[in-house]
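Comments concern the structure below.
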Amino acid sequence: MTGLLRASIEEQFSDIWLEGELSNLRAPGSGHVYCTLKDRTSQIRAVLFRSDAVRLRFALQEGLQVIVRGRLTVYEPRGEYQIVLDTVEPKGVGALQLAVEQLKERLTAEGLFDQDRKKPIPVFPRTVGVVTSLTGAAIRDILAVLRRRWPTLHILIVPVQVQGESAGRQIAEALADLNDWASVDVIIVGRGGGSLEDLWSFNEEIVVRAIAASHVPVVSAVGHETDVTLADFVADLRAPTPSAAAEAVVPVLAEIVERLRELTVRMGQVMLRHCAFERQRLDAGIRGVTDVRFRLQEAAQRTDDMVDRLREVVQQLLTSGRERVHEAQRDLSGLNPILTIKQGLATVPQFSKRLEGQMGVILAQHRHRIHATLAQLNTLSPLAILGRGYSILQTVPAGQILHRASDVEVGQELEAQLARGRLSCMVTRVCDDSTV
Amino acid sequence: MAVVKFEQAMARLEAIVGELEKNDLPLDESLKIFEEGIRLSKNCLKILEEAEHKVEVLVQDKNGKKRIHAYSPDDADDEPSS
C-alpha cells in the first residue's frame, strides 16, 4: 500500500513550490540535510540531498523563512511522506544577499573585519601588485592612473578570472602568490562593476580569508561606488573604484619631487640666513679686536714719529748751535775793536785831505747839471705849453683829457684849462674829421 | 625596503626643515642636521631616479611553474581559465 501511495503521490506532486519556516534542522555526516517545513497550521518533513546542498550559497538556519521547490515522495521504511528539495531560496532577500549577510556575521564574530587588523598603506610603494582580469576595464583604468601619477612605478599583475566558478580560488591564489613569490609593497584587488552575481567571488569566504591573511597591505576596488563586498570589509583600504584604488596607492611623483625640492631649498635658505647672522656677529667681534689693534698701531706710530721728530729737533739744535758758536767766533775775531780803532786812527788824516780836494770839483759839476735840467723841464711843462696859447679839454666830472672829437657827444659839458683860469663849455657840434 | 627608507627619509627631512626653521639651534647643531638633511635629500632623489617603470605579469604555465614576463595590452590570453 505504501508503494502504491508513493507512486501516486510522486506522480501527482512531482514539482511543487512551498513556503514556510525551517525547523528541526539536522545535517549528519552524509551531507544530506533534514528538516521540517512549517507554517502556522501545518508542517511537512523535508530533505535536501548532498548534491543540492553544496550548491546552496547561504546556510540553512533554524527559523529561516524559505520558498522551496521539490517533489513529494514517501519514505517507505517509516511510512512518512516528505518533500525532496532541489531549490531553497530565502524569502524576502535574495539567496546571495542572505549568504553574504551570514558570512559577514560569521567572519565579524571571528574578528576578521576588526579595524585593528588593518595594515597601513605605504605612502611610497615601489612595486604595486594588481590582482584582476586582463580583459576588463579595471586593469586599463588602474594602469592609466598609476602611470600618470608615478611614471616610474613597477607594477606586477596577476591575471585572474573575476567571475565564475573558479574566480574565488584564483583570486585567493593570486594573493598568496604575491605574498610568497614577489616582493610587492601593496596589492590592489578588484574588478569593474556588475550585478551582485558578477561580484560574487569578492564575497567568497576563500577570498575574504586570503585578503585577511595577506602580509602585504591590500586595497580592494570592486565595482562601482555603491557596490560593497566582503572583500571591501576585510581589505586594509576600500577604494570605491579601480581608478580610485590606483590613486590611493601612489602619490603624484611630480608633487613629491617638487616637495623634495622645496624642502631642500627651504633648508638651504634657513641655513644661509643662519650663517649670515653668525657671520655678522663674528665680523662685529673681529671689528672690535681690529679697532683696538689699529688704535695700538696708530699710537705706536705716533710715538715713533714723535721720537723721530724729537731726534731731528735735537740734531738741528745741536747743529745750529755749533754753527752759531763758529760764526760767533769768526765775528768776534773780525770785530776786535782795538784793531779797528788803530786802523781808523791811521787813515783819518789821509781822508781829510782827499775830501777837501774833491768836494770843490763835485759841487761845481752838480750845480751845472741842475741848471741844465731846470731849463729842460721848463720847455716840457704843460704850463709852458699853455703859456704859448694852447688849452686842455677835459670831461666833467671825470676829468678825462680829450684827444678825439668822437669821444664826446652833443650837449656834453666840458672844461677847458687855460694858462690862467678855466672855462665851462657845452658841445654844440661834433666833427669827426679823421684826416686831421 | 627602499619604500620604508624613502618614507622615513622624507619624514626626517620634513622634521629637519621644521627644526631649522624654528631658528633656535646653535650654529654647529644647525649645520649638523643641515648636512643630514642634504644627505637625505640626495638619497631621496637617488631613490626616485633609480626607479624604473615596468609592468609585468605573473603567470603559471602548464606545468604549474610560475614565471614573470613583461606586460603588453594583448596579454588577455594569459588569464587562467577555470
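For the numbers below, each heavy atom of this structure counts, side chains included, while hydrogens, waters and symmetry mates do not. Sequence lines set the chain letters: A, B, ... in the order given, protein chains first and strands last, and positions in each chain run from 1.
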Under a 4.5 Å heavy-atom cut-off, does chain A meet the side chain of [X], its backbone, both or neither?
X        : value
Val55(B) : both
Ile68(B) : side chain
Glu50(B) : side chain
Ile16(B) : side chain

Can you tell me which portion of [X] sits under 4.5 Å from chain B's heavy atoms? Options are side chain, backbone, both or neither.
X         : value
Met271(A) : side chain
Leu146(A) : neither
Arg140(A) : neither

message: Using a 6.0 Å cut-off, check whether atom NZ of Lys118(A) has over 12 heavy atoms from anything other than its own residue.
response: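 Check passes, neighbour count above 12.
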task: Step through the shown structure and confirm whether more than 12 heavy atoms of other residues, nucleotides or ligands are within 6.0 Å of NZ on Lys119(A).
output: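 Enclosed: over 12 neighbouring heavy atoms sit under 6.0 Å from NZ of Lys119(A).
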Are side-chain heavy atoms of [X] and [Y] found at a separation under 4.5 Å?
X         : Y        : value
Leu134(A) : Tyr71(B) : yes
Trp150(A) : Leu48(B) : yes
Met267(A) : Leu13(B) : yes

statement: Of the listed Leu178(A), Leu253(A), Asp177(A), the one with the largest count of heavy-atom pairs under 4.5 Å with chain B is Asp177(A)
Side chain to side chain contact (heavy atoms under 4.5 Å, CB included) partner of Leu58(B), the single match among Val130(A), Val158(A), Val131(A): Val158(A)
query: Under 3.5 Å, side chain of His154(A) to main-chain N/O of His53(B), donor-acceptor pair present?
result: no
- request: Enumerate by number any residue of residues 256-265 of chain A whose heavy atoms lie under 4.5 Å from heavy atoms of chain B; in the absence of such residues, state 'none'.
  value: Ile256(A), Val257(A), Arg259(A), Leu260(A), Leu263(A), Thr264(A)
Options [options], ranked by heavy-atom pairs under 4.5 Å with chain A, top entry:
options                      : value
Leu20(B), Val17(B), Leu27(B) : Leu27(B)
Glu21(B), Lys66(B), Met10(B) : Lys66(B)
Asn23(B), Leu40(B), Leu31(B) : Leu31(B)

query: Is it the case that His274(A) and Ser30(B) place a side-chain donor and acceptor less than 3.5 Å from each other?
result: yes
- line: Rounded to the nearest 0.5 angstrom, the CH2-CZ distance for Trp181(A) and Arg67(B) is 10.5 Å
